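Comments concern the structure below.
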There are 2 protein chains.
Amino acid sequence: MSPSDPPAPDPAACPPHKPDPRIQQPDAPDACTPEGTGHADRFTRAREAQAQALLEDYVEMIGDLIEQLGEARVADIAARMGVAQPTATKAIARLKREGLATARPYRGVFLTETGARMADRVRVRHRTVVEVLVAVGVPRDLAELDAEGIEHHVSSQTLAAFQSYLDQRG
Amino acid sequence: MSPSDPPAPDPAACPPHKPDPRIQQPDAPDACTPEGTGHADRFTRAREAQAQALLEDYVEMIGDLIEQLGEARVADIAARMGVAQPTATKAIARLKREGLATARPYRGVFLTETGARMADRVRVRHRTVVEVLVAVGVPRDLAELDAEGIEHHVSSQTLAAFQSYLDQRG
DNA sequence: TCGGCAATATAGCCGTTGCTAACTTGATGA
DNA sequence: TCATCAAGTTAGCAACGGCTATATTGCCGA
Ligand SMILES: [Mn+2]
Ligand SMILES: [Mn+2]
Ligand SMILES: [Mn+2]
Ligand SMILES: [Mn+2]
């Protein structure tokens with residue numbers, strides 16, 4: 001596993017990189033070929049989830065701000081996200097592009113119907129993730145921290161399993 | 001929550017954006033000011049975890065490939081990550097920059113001591129996350145998928161809690 | 001009313017992570 | 001031996017998400 005320790009491949013097991021045009025039917029998964037393990041989709045999936053994460057957090061937070069303060073200002077959004085104001089403005093531009101928010105320049109930011117629905121969904125999921133973490137023994141403060149990243153990778157089916165788990169253990 | 005529904009802020013509760021130079025001591029958390037809630041660190045933390053995610057996945061996978069095939073080739077890395085070869089090459093360049101891997105051009109990729117240690121740590125964490133998900137009722141296939149993203153946001157303390165949970169419930 | 005200032009927007013930089021197209025290299029087999 | 005061609009690299013593009021510096025706007029109080 002170190003550069004000075006060149007690997008000793010077992011030549012009998014998995015001859016690497018000798019394209020063997022013999023009996024291979026092209027769509028049969030080959031145990032000796034990395035593609036055969038089908039791990040790639042996992043990473044693609046995780047990347048897609050991550051691409052949504054920023055939108056989800058902004059939308060949830062804008063919903064919170066409107067609820068708590070009556071409006072969502074760029075300065076407040078930026079402060080809560082821990083970014084500079086132009087960064088928040090740029091993110092809001094993306095929210096608008098994706099139909100999740102609207103904004104009147106130099107005024108507040110508002111959620112569309114779609115955005116508001118996403119905010120609610122994300123808020124529920126966030127709370128459920130925290131509760132599951134607490135239920136398995138994570139201190140609540142820490143659960144709150146870790147959940148902020150974890151939540152975006154919890155699929156709806158996994159979320160359903162979480163809810164069952166919490167219900168059934170009262 | 002919609003643009004046509006301008007918020008009705010409770011003016012008595014939290015007068016927004018009137019900088020009130022009165023009795024405020026500057027470092028006292030203000031309940032009416034979003035910064036006072038101290039949520040920003042959470043997101044900063046999640047962003048930092050995410051910045052590590054790519055490195056962690058590559059390092060783990062390179063370790064797997066060396067173990068399984070005796071060597072880690074760019075083509076195999078790219079295939080398993082579900083990206084194009086130049087994307088893998090670029091990621092490997094970052095691994096080298098960060099002291100996690102070395103590579104002989106046109107030959108294989110190798111892990112440094114640091115990289116190998118990270119690979120082991122990440123592999124253990126990945127398995128633990130999957131086992132916790134399974135333990136709370138997530139089907140194993142799905143647990144494997146979701147864990148690929150979740151793992152990177154599980155802090156070492158949360159991981160310790162996960163391990164205790166798994167131990168204590170046999 | 002209107003000048004000043006705080007909030008917001010814009011411009012432009014950087015690094016990361018994808019991609020495709022084109023070039024280089026080196027291993028293989030005839 | 002050496003031509004071929006798969007594997008790898010390089011070049012260059014785009015989108016995203018940070019940032020700072022600067023321009024703009026609109027709100028409030030004098
Ligand atoms: Mn989050
Ligand atoms: Mn959240
Ligand atoms: Mn992962
Ligand atoms: Mn993993």
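Chain letters run A, B, ... following the sequence lines, proteins first and then strands; every chain starts at 1. What you see is a predicted model; the values in this text were computed from it and never measured. All values below were derived from every heavy atom in this structure, side-chain atoms included, with hydrogens, water molecules and symmetry-related copies excluded.
- Separating the CG atom of B:Leu54 from the P atom of C:dT16 is a distance of 11 Å, rounded to the nearest angstrom.
- What separates OH of B:Tyr58 from C1' of C:dT16 is a distance of 12 Å, to the nearest Å.
- Contact check of residues 41-53 of chain A against DNA chain D (heavy atom, cut-off under 4.0 Å) returns no residues at all.
- Residue B:Arg104 contributes atom CZ, which lies 11 Å from atom P of C:dG26 at whole-angstrom precision.
- Mapping A:Pro86 and B:Tyr106 onto DNA chain D via the closest heavy atom, the residue that lands nearer the 5' end is B:Tyr106.
- Using a 4.0 Å cut-off on heavy atoms, the residues of residues 91-101 of chain B that approach DNA chain C are B:Arg94, B:Arg97, listed by number.
- Taking only side-chain nitrogens and oxygens, A:Thr89 comes nearer than 4.0 Å to OP1 or OP2 of C:dA9.
- Under the 4.5 Å side-chain criterion, counting only non-hydrogen atoms from C-beta, A:Arg47 is in contact with B:Val83.
- Residues A:Gln85 and A:Pro105 both approach DNA chain D. Their nearest nucleotides, taken by heavy-atom distance, put A:Gln85 toward the 5′ side.
- There is a path of hydrophobic side-chain contacts, each under 4.5 Å, that joins A:Leu142 to B:Val154.
- Checking the phosphate oxygens (OP1, OP2) of D:dG17, no side-chain nitrogen or oxygen of A:Thr87 falls inside 4.0 Å.
- In this structure, A:Leu55 is not a member of the same hydrophobic cluster as A:Ile150, with clusters built from ILVMFWY side-chain heavy atoms closer than 4.5 Å.
- Separating the CG atom of B:Leu69 from the C1' atom of D:dA7 is a distance of 15 Å, rounded to the nearest angstrom.
- A:Val130 and A:Leu166 fall into different hydrophobic clusters, where Ile, Leu, Val, Met, Phe, Trp and Tyr residues are linked whenever their side-chain heavy atoms come under 4.5 Å apart, directly or through other members.
- A salt bridge does not link A:Asp120 to A:Arg117: none of the charged side-chain nitrogens sits closer than 4.0 Å to a carboxylate oxygen.
- To the nearest angstrom, P of D:dC16 lies 9 Å from CG of A:Leu55.
- Pairing each heavy atom of B:Ala161 with each of A:Val138, the nearest pair is CB-CG2, 3.8 Å.
- Ion pair A:Glu131/A:Arg140 flagged as a salt bridge, since at least one NZ, NE, NH1 or NH2 atom sits closer than 4.0 Å to an Asp/Glu carboxylate oxygen.
- Regarding B:His152, its NE2 atom lies at a distance of 12 Å from the P atom of C:dT17, rounded to whole Å.
- Using a 4.5 Å heavy-atom threshold, the side chains of A:Glu56 and A:Met118 count as touching.
- Listed nucleotides: C:dC13, C:dT17, C:dT8. Nearest to the side chain of A:Lys90: C:dC13.
- Between A:His153 and A:Ala46, the shortest heavy-atom contact is CE1-O, 3.6 Å.
- Between A:Arg107 and C:dT8 there is no side-chain polar atom (N or O) within less than 4.0 angstrom of OP1 or OP2.
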